[in-house]
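Worksheet: the structure to be examined is printed underneath.
None of the values given here were measured: they were computed from a predicted structure. These values consider heavy atoms only, across backbone and side chains, with no hydrogens, waters or symmetry-generated copies.
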Amino acid sequence: MKKLLVILNLFIFFQLSAQKDVSATQWQEDLRFLQNTIHKDYSFLFVKTTKEDFDTQVEALYHEIPNLREHEIRVGLARMISQFKYGHTQIPYSTMAKSGILPINLYQFKADIYIEGVQKDHKKVLGAKVLKIGDTAIDKAMELIYPVVPVENEQYFKAYGLRFLLAPEVLHAQGVIPELSGTVTLTLEKEGKVFTHEFKTIAMEDKPKAFNFTLPTAEWLTARNTETTPLYLKHLEDKLFYFEYLEDIKTLYVRQSSVFDDENETLEQFYKRLFEFIDTHHIEKLVYDVRLNGGGNNYNNLPLIKGLMARPKINKKGSFYFIIGRETFSACQNLTNEITRYTEAILVGEPTAENVNFYGDTRPVVLPNSKITAYLSYLWWQDMPALENADWTAPSIPVTMGFDDYVNNQDPVLEAALTFNAHDFEPKPIEYITDLYLSGQTQQLAEVLPKMIQDPRYAFCDFEMELNKKGNLLLQSGRVPQVQASIQVFSMVSQLFPNSASTYKNLGEAYIALQDTPKAKEVLKKAISLDTNGKIGKAAKGMLLEIDQ
């Protein structure tokens with residue numbers, strides 16, 4: 001047996017020795033292959049960037065390659081793919097963490113970055129706030145690594161981008177640290193004291209995987225008090241989904257952390273068991289938590305939606321709360337879309353990590369020389385009308401957890417769902433306002449809209465922007481009745497928001513469409529006075545010049 005092992009080891013050694021480093025020319029060939037493949041087979045991905053901008057960055061990297069080290073080239077390739085800003089479209093993080101990662105887990109609590117988890121040898125830094133990486137301030141470090149992350153939106157970066165701060169290859173390639181090294185020094189703050197600490201890298205596979213939080217093990221520690229466990233973190237090590245009945249408050253709490261089947265129970269089986277429980281128990285409130293759900297199989301969502309729609313006793317305003325967050329992504333964005341459209345759920349927590357409509361489902365593209373794999377999306381998922389697309393789904397009740405909340409096992413998100421006053425609350429305020437307008441209930445609209453704008457429960461809704469969107473939809477139709485209706489909408493918005501330059505500019509455009517030049521000039525001058533040197537003011541000036549010609 002020993003002889004066999006020696007032979008195998010020698011074989012592997014000679015195989016590795018026979019492999020040659022990829023030359024600069026071969027890296028350039030790989031880059032061209034990637035560029036040409038994207039233009040030929042994936043040109044539909046040019047939505048958030050242009051072909052021209054993409055090609056400009058490709059050319060810059062192409063000419064830099066002869067002067068770059070291998071890890072800098074790998075990171076550079078990732079930057080090229082990340083320009084598309086779809087989280088599924090990427091060169092994997094593991095490609096840029098070959099030399100190891102720092103033995104810590106970072107998490108952003110409100111505005112600050114903390115060491116949420118750590119390998120036990122570094123116990124003294126657990127719970128420290130990160131101030132610098134090397135000599136670079138943490139805010140600047142995040143700015144520098146940002147282009148490498150396939151950022152769908154800011155929430156995606158919070159959830160999936162901070163790990164790039166742990167990879168020295170990324171840190172060096174992006175100018176956060178001056179030299180590539182197996183040790184990186186961080187400046188930290190804990191209990192009012194500022195100090196530095198040096199970390200040696202570990203293999204990426206040595207860090208336990210548990211969503212964005214650390215599950216304590218013999219080797220890893222979490223900053224959270226482990227004497228108790230809040231509902232959203234229960235059973236993370238053994239269950240993708242579970243529910244618990246809070247009998248004293250007649251509330252059923254459900255956590256679903258994947259849209260894939262569990263090895264012990266399919267989602268269809270889980271949903272069946274869940275609804276049987278709902279049907280046989282006195283439940284006044286359902287809280288459904290997907291804040292840790294990064295996706296899975298979109299086709300698993302349907303039984304849940306059908307089951308909820310069939311149960312009006314729970315699917316009603318004030319009885320159904322749906323918790324979303326920075327890890328809500330991919331197939332769980334699809335689930336969130338369906339919940340939003342087909343149920344009466346009130347959304348709680350943080351915005352999602354995914355665009356409302358997005359490119360997902362990837363094909364691997366293997367580069368011929370380096371054998372690096374790029375994953376390129378090819379399927380467009382559009383659950384919501386194109387006009388309702390957005391960077392994310394925002395909660396009706398926005399709540400962000402603080403570091404002290406986490407450490408002490410407090411869950412302000414769940415608490416908000418349990419205590420929210422839903423009386424007279426409209427989870428979809430713009431939809432409600434639109435219905436009042438279309439049904440001719442102008443008197444009620446005039447009464448409720450100013451109250452809603454002042455109501456702190458609607459702080460999540462940008463009424464000025466959303467109502468202007470509605471007006472612009474009418475205006476862009478080009479039909480006289482719709483243009484006249486847009487003037488009604490813009491006039492109403494200008495009364496509610498008298499300092500809104502964009503509203504007056506839109507109103508001017510509507511009057512121009514009706515060839516009412518005097519009124520157009522009047523409102524455009526108002527827009528200019530409110531935004532003299534800004535983009536809106538400049539646009540209004542341009543419209544005035546066209547009128548006078």
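- Separation of the F164 and Y93 ring centroids falls under the 6.0 Å cut-off.
- With a 4.5 Å cut-off on side-chain heavy atoms, P395 and P351 count as touching.
- Under a 4.0 Å N-O distance rule, the pair E116/R224 does not qualify as a salt bridge.
- The side-chain heavy atoms of K140 and L144, taken from C-beta on, include a pair separated by under 4.5 Å.
- No donor-acceptor distance shorter than 3.5 angstrom exists from the side chain of S82 to the backbone of M80, with no hydrogens or angles considered.
- Counting only N and O atoms by type, the side chains of S257 and N293 include no donor and acceptor under 3.5 Å apart.
- Looking at W381 and D361, their side chains do bring a donor and an acceptor atom within 3.5 Å of each other.
- Between A159 and N212 the shortest heavy-atom distance is O-ND2, 2.9 Å.
- Contact check on K505 versus D531 returns no salt bridge, with no Lys/Arg side-chain nitrogen under 4.0 Å from an Asp/Glu carboxylate oxygen.
- By the neighbour-count criterion of 12 heavy atoms within 6.0 Å, atom CD of E247 is sparsely surrounded, having that number or fewer from other residues, nucleotides or ligands.
- Summarising the geometry of T214 relative to G117, their closest heavy-atom pair is OG1-CA, 3.3 Å, with the distance given to 0.1 Å.
- Residues F84 and Y359 keep their aromatic ring centres 6.0 Å or farther apart.
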**Study point:** Derivation and outcome, side chain to side chain contact (heavy atoms under 4.5 Å, CB included), residues V254 and E244
**Key:** CA-CA 7 Å; V254 186; E244 185 170 323; over 6 Å; no

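- Under 3.5 Å, the side chains of S377 and T89 contain a donor-acceptor pair of N or O atoms.
- No salt bridge links E276 with R273; every basic N to acidic carboxylate O contact stays at or beyond 4.0 Å.
- Relative to the six-membered ring of Y232, R291 meets both conditions, a distance below 6.0 Å and an angle of at most 45° to the axis.
- By the ring pair (Phe, Tyr, Trp, His ring centres under 6.0 Å) test, F157 pairs with Y146, sequence neighbours left out.
- Less than 6.0 angstrom separates the ring centroid of Y160 from the ring centroid of F329.
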Check your understanding: Could you go step by step and tell me if N315 and Y342 meet the side chain to side chain contact (heavy atoms under 4.5 Å, CB included) rule?
Key -> CA-CA 10 Å; N315 180 28; Y342 301 120; over 6 Å; no

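- Side-chain contact check for Y253 and D289: at least one donor-acceptor pair (N or O, by modelled atom type) lies under 3.5 Å.
- Of the possible donor and acceptor atoms, one in the side chain of S477 sits under 3.5 Å from a partner among the backbone N and O of L474.
- Every pair passing side chain to side chain donor-acceptor pair (under 3.5 Å) that includes a residue from residues 345-358 is listed here, sequence neighbours excluded: K48-N355, R326-E350, Q333-T352.
- At least one donor-acceptor pair under 3.5 Å links the side chain of K285 to the backbone N or O of A417.
- Cation-pi geometry between R363 and Y375 is not met at under 6.0 angstrom from the ring centre and within 45 degrees of the axis.
- To the nearest 0.5 Å, atom CG of residue N337 and atom CD1 of residue I305 are 10.0 Å apart.
- No donor-acceptor pair closer than 3.5 Å links the side chain of R255 to the backbone N or O of L233.
- Using a 4.0 Å cut-off between charged side-chain N and carboxylate O, E338 and R341 make no salt bridge.
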**Study point:** Test log, rule side chain to side chain contact (heavy atoms under 4.5 Å, CB included), inputs L34 and V58
**Key:** CA-CA 10 Å; L34 182 62; V58 166; over 6 Å; no

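- R79 places a side-chain heavy atom less than 4.5 Å from the side chain of P147.
- Between L449 and I433, the closest side-chain pair of non-hydrogen atoms falls below 4.5 Å.
- Taking OG of S330 as the reference point, atom CD of E152 lies at 9.0 Å (rounded to 0.5 Å).
- The CG atom of L131 sits 8.5 Å away from atom CD1 of I138, with the distance rounded to the nearest 0.5 Å.
- Ring centroids of F358 and H88 are separated by less than 6.0 Å, placing the two rings close together.
- Using a 4.5 Å heavy-atom cutoff, the side chains of Q119 and I104 are not in contact.
- Counting heavy atoms from C-beta on, the side chains of Y271 and L302 never come closer than 4.5 Å.
- Taking the six-membered ring for Trp, F277 and F275 have ring centres at least 6.0 Å apart.
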Practice item. Go through the steps to decide whether E388 and V356 satisfy the test side chain to side chain contact (heavy atoms under 4.5 Å, CB included), and finish with yes or no. Key: CA-CA 8 Å; E388 295 179 27; V356 170; 6.0 Å; no

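- Here the two rings, on F270 and F241, have centers that are under 6.0 Å apart.
- Counting heavy-atom neighbours within 6.0 Å of K316 NZ, excluding the residue itself, gives a total of 12 or less.
- A donor-acceptor pair under 3.5 Å links the side-chain atoms of N421 to the main chain of H423, judged by distance alone.
- Side-chain contact annotation: T503 with N468, donor-acceptor N/O pair under 3.5 Å present.
- Checking N298 against N301 by side-chain atom types alone, a donor-acceptor pair falls below 3.5 Å.
- Counting heavy atoms of neighbouring residues, nucleotides and ligands inside a 6.0 Å radius, atom CD of Q269 exceeds 12 of them.
- Shortest non-hydrogen contact noted between G349 and V413 is CA-CG1, 3.8 Å.
- The aromatic rings of F109 and F213 are tilted relative to each other, their planes meeting at an angle between 30° and 60°.
- The minimum heavy-atom distance linking I346 with P427 is given by the pair CG1-CG, 3.7 Å.
- Side chain of N409 to main chain of T229: no donor-acceptor pair is present (N/O by atom type, distance under 3.5 Å, no hydrogens or angles).
- Between F463 and Y458, the closest side-chain pair of non-hydrogen atoms falls below 4.5 Å.
- Proximity of a side-chain donor or acceptor of T328 to a complementary backbone N or O of I324 within less than 3.5 Å is not detected.
- Interatomic distance, OG1 of T136 versus CG of L171, reported as 8.5 Å (0.5 Å rounding).
- For K306, the NZ atom sits in a loose shell: 12 or fewer heavy atoms of surrounding residues, nucleotides or ligands are nearer than 6.0 Å.
- Going from atom NZ of K317 over to atom NZ of K428 covers 11.5 Å, rounded to the nearest 0.5 Å.
- Between F425 and F420, the gap from one ring centroid to the other is short of 6.0 Å.
- Side-chain contact check for N153 and D391: no donor-acceptor pair (N or O, by modelled atom type) lies under 3.5 Å.
- Here the shortest heavy-atom pairing between P412 and D405 reads CG-OD2, 3.6 Å.
- Going from atom CG of D383 over to atom CG of L335 covers 10.0 Å, rounded to the nearest 0.5 Å.
- Looking at residues two or more places apart in sequence or on another chain, you find no ring pair (Phe, Tyr, Trp, His ring centres under 6.0 Å) involving Y299.
- In this structure the side chain of F54 reaches within 4.5 angstrom of the side chain of Q83, judged on heavy atoms.
- For Y321 and Y288, the ring centers are positioned 6.0 Å apart or more.
- Taking every heavy atom of both residues into account, I339 and A345 meet most closely at CG2-CB, 3.7 Å.
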